[in-house]
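See below for the structure under consideration.
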Amino acid sequence: MGAPVTRTNVWSELRVTSAPQLSVSISPNLTALAVIADALAGRRRGLPELWRRAVQSRVSPLGREAVLPLAAPGYSVVPDSVAPITPMDDMSVAAQVSALSDIPPESLIKDLEQAFGDGALPTHWRAAAERPGRWLRGYATALNDVWHTTEPLWQRARPLLDREIERVGITSVRGGPELLLGSLNDRIRYGERGLLIADIEASTYELGNRRIILVPMLAGKDAVIVSLDHPDAVWIAYPVPGAESLWRRPVAPAVDELSALVGPVRAELLCQLEQPMTMSMLASNVKIAPSGITYHCDRLHAARLISRERRGREVWIARTDRAQELLSLFRR
């Protein structure tokens, strides 16, 4: 299976023998994988720093340890166990986590041998090979934790995803897949004989008549994931067009109505907390002095609208389920 490729001037060529047949899959597990690689494994692909820190704060030490091999420098290949379900159809992250829990540890060993050959494993995968059950549990935990953080964004992105489904459908009907494929991302081009994709080393793959499944993701602008292993289809995951608007500008409730209930400053604080933040991050976002933030957070905490958790020197603030329910009443 492919992993998020490294920014480079080297291109791999995916040759096709005829006009490619396209379909689209709405599979959030690829979004979770791209966020893991960017926020936790060190392969930065444009994920906003605020979201990167929010994800890092939510994942357990076991999960953070497990995902490190996914973005080792110089490698773009990972074992199939990382994505045990090929996104031929739409699927949930829960299904992905469930599939991971069903994988026998010895299957991970076989996947590693298949990915890297019979010789010595790369150093970054040796710990997983020595304790495959522990690695599978850690990776499943990381996937689940990351999804709990990013799922609200995914829900808000539904209009963008629906628009991308429509775009792919229209392109397929009108017979212009080459133009669409060349516009997916700056790291994907359509050449004379097929697709060119930025990679760590130049390679050539014959796709034949296999279908190409496009998987739009909510990920950094440079995130691309490709898998060539399925005999009937190739899938390419890429950032959905327009996703940058979601990172920058959360979908807000009707602030005026919410302000009448909790006050304008506290309404703004709740709207800002689309993901957990430290007190200093929150103060910077709303441009309020730290002493003022403390006062308003005390009031929100007393109303059970936020939770507070001390981690070292920082206090992290998060909306509670009660706050989520309140905000849902005022969504535009």
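Atoms considered below: every heavy atom in the structure, side chains included; atoms not considered: hydrogens, waters and symmetry mates. Keep in mind that what you see is a predicted model, and the values were worked out from it rather than measured.
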Original post:
So, the side chain of Gln324 versus the backbone of Arg319: is there a donor-acceptor pair under 3.5 Å, distance only?
Top reply: no

**OP:** Check for a donor-acceptor pair, side chain of Arg210 on one end and backbone N or O of His230 on the other, with a separation under 3.5 Å.
**Re:** yes

Subject >> Pairing of Arg308 and Asp298 as salt bridge, 4.0 angstrom limit >> reply: yes

Original post:
Do Leu68 and Leu143 sit in the same hydrophobic cluster, where Ile, Leu, Val, Met, Phe, Trp and Tyr count as joined when their side-chain heavy atoms come under 4.5 Å apart?
Top reply: no

Original post:
Is Tyr190 close to Leu184 at the side-chain level, that is, under 4.5 Å between some pair of heavy atoms?
Top reply: no

**OP:** Mind checking the CG-SG spacing from Asn285 to Cys271? Nearest 0.5 Å is all I need.
**Re:** 12.5 Å

Original post:
Rounded to the nearest 0.5 Å, what separation is found between the CD atom of Glu268 and the CG atom of Leu273?
Top reply: 10.0 Å

Original post:
Is the closest side-chain heavy-atom distance between Asn185 and Pro239 below 4.5 Å?
Top reply: yes

Original post:
If you round to the nearest 0.5 Å, how far is CH2 of Trp135 from CG of Leu108?
Top reply: 6.0 Å

Original post:
With a 4.0 Å cut-off, would you call Glu65 and Arg134 a salt bridge?
Top reply: yes

**OP:** Indicate yes or no: at least one non-hydrogen side-chain atom of Cys297 is less than 4.5 angstrom from one of Leu282.
**Re:** yes

**OP:** In sequence, state the C-alpha distance, the side-chain angles, and the governing distance for Ile36 and Leu70, and then conclude on side-chain contact (heavy atoms from CB on, under 4.5 Å).
**Re:** CA-CA 9 Å; Ile36 283 172; Leu70 301 184; 3.9 Å; yes

Original post:
In terms of hydrophobic clusters joined by side-chain contacts under 4.5 Å, are Val315 and Leu305 together?
Top reply: yes

Original post:
When hydrophobic residues are tied together by side-chain contacts of less than 4.5 Å, even through go-betweens, does Val59 share a cluster with Leu62?
Top reply: no

Original post:
So does Asp232 pair up with Arg211, basic N to acidic O under 4.0 Å?
Top reply: no

Subject >> Within 6.0 Å of CG in Asp162, more than 12 heavy atoms from elsewhere >> reply: yes

**OP:** Go through Leu181 and Tyr238 one step at a time and tell me if the side-chain contact (heavy atoms from CB on, under 4.5 Å) criterion holds.
**Re:** CA-CA 11 Å; Leu181 291 170; Tyr238 60 98; over 6 Å; no

Subject >> Greater than 12 external heavy atoms within 6.0 Å of Glu206's CD >> reply: yes

**OP:** Could you tell me whether the side chain of Ile26 reaches within less than 4.5 Å of the side chain of Ile165, counting heavy atoms only?
**Re:** yes

Original post:
Aromatic rings Phe116 and Trp125: how do their planes relate, parallel, tilted or perpendicular, breaks at 30° and 60°?
Top reply: tilted

**OP:** Indicate the atoms forming the closest heavy-atom contact of Ala140 with Leu100, along with that distance.
**Re:** CA-CD1, 3.9 Å

**OP:** Examine distances only and state if a side-chain atom of Arg187 and a backbone atom of Ile197 form a donor-acceptor pair shorter than 3.5 Å.
**Re:** no

Original post:
Looking at Asp38, Asp145, Leu40, Leu50, which hits side-chain contact (heavy atoms from CB on, under 4.5 Å) with Val55?
Top reply: Leu40

Original post:
Does Arg189 reach the main-chain N or O of Leu196 with its side chain, forming a donor-acceptor pair under 3.5 Å?
Top reply: no

Subject >> Side-chain heavy atoms of Met217 within contact of Ile225, under 4.5 Å >> reply: yes

**OP:** Taking Thr141 for its side chain and Gly63 for its backbone only, find out whether a donor-acceptor pair lies under 3.5 Å.
**Re:** no

Original post:
Is Glu49 salt-bridged to Arg44, cutoff N-O under 4.0 Å?
Top reply: yes

Original post:
Considering only heavy atoms from C-beta outward, does the side chain of Leu195 approach that of Ile236 to under 4.5 Å?
Top reply: yes

Original post:
Just wondering, do Ile306 and Leu270 contact through their side chains at under 4.5 Å, heavy atoms?
Top reply: yes

Original post:
Which pair of heavy atoms, one from Pro241 and one from Arg167, lies closest together, and at what distance?
Top reply: CG-NH2, 3.8 Å

Original post:
Do Asn29 side-chain atoms and Gln96 backbone N/O form a donor-acceptor pair below 3.5 Å?
Top reply: no

Original post:
Which heavy-atom pair separates Met279 from Ile317 by the least distance, and what is that distance?
Top reply: SD-CD1, 3.5 Å

Original post:
How many angstroms lie between CG in Leu30 and CH2 in Trp235, if you round to the nearest 0.5 Å?
Top reply: 4.0 Å

Original post:
Under 4.5 Å between side-chain heavy atoms, hopping through other hydrophobics if needed: is there a path connecting Trp154 to Val35?
Top reply: yes

Original post:
Going only through I, L, V, M, F, W and Y residues with side-chain contacts under 4.5 Å, is there a path from Ile288 to Met277?
Top reply: yes

Original post:
Rounded to the nearest 0.5 Å, how far apart are CD of Gln114 and CD1 of Ile109?
Top reply: 13.5 Å

Original post:
At what distance, to the nearest 0.5 angstrom, does CD1 of Ile103 lie from CZ of Arg137?
Top reply: 13.5 Å

**OP:** State, to 0.1 Å, how close Ala32 and Val146 come at their nearest heavy-atom pair, and which atoms those are.
**Re:** O-CG1, 4.0 Å

**OP:** For residues Arg304 and Thr320, report the shortest heavy-atom separation together with the two atoms involved.
**Re:** O-OG1, 2.7 Å

Subject >> Option among Val234, Val226, Leu228 that satisfies the side-chain contact (heavy atoms from CB on, under 4.5 Å) test with Tyr205 >> reply: Leu228

Original post:
Backbone N or O of Ala54 within a donor-acceptor pair of the Ser57 side chain at under 3.5 Å?
Top reply: yes

**OP:** Could you check if a side-chain atom of Val24 sits within less than 4.5 angstrom of a side-chain atom of Leu161, using non-hydrogen atoms only?
**Re:** no

Original post:
Is the closest basic N to carboxylate O distance between Glu113 and Lys110 below 4.0 Å?
Top reply: no

**OP:** For residues Arg43 and Ala72, report the shortest heavy-atom separation together with the two atoms involved.
**Re:** NH2-O, 2.9 Å

Subject >> Non-neighbouring partners of His301 that pass ring-ring contact (aromatic ring centres under 6.0 Å, His included), sequence neighbours left out >> reply: none

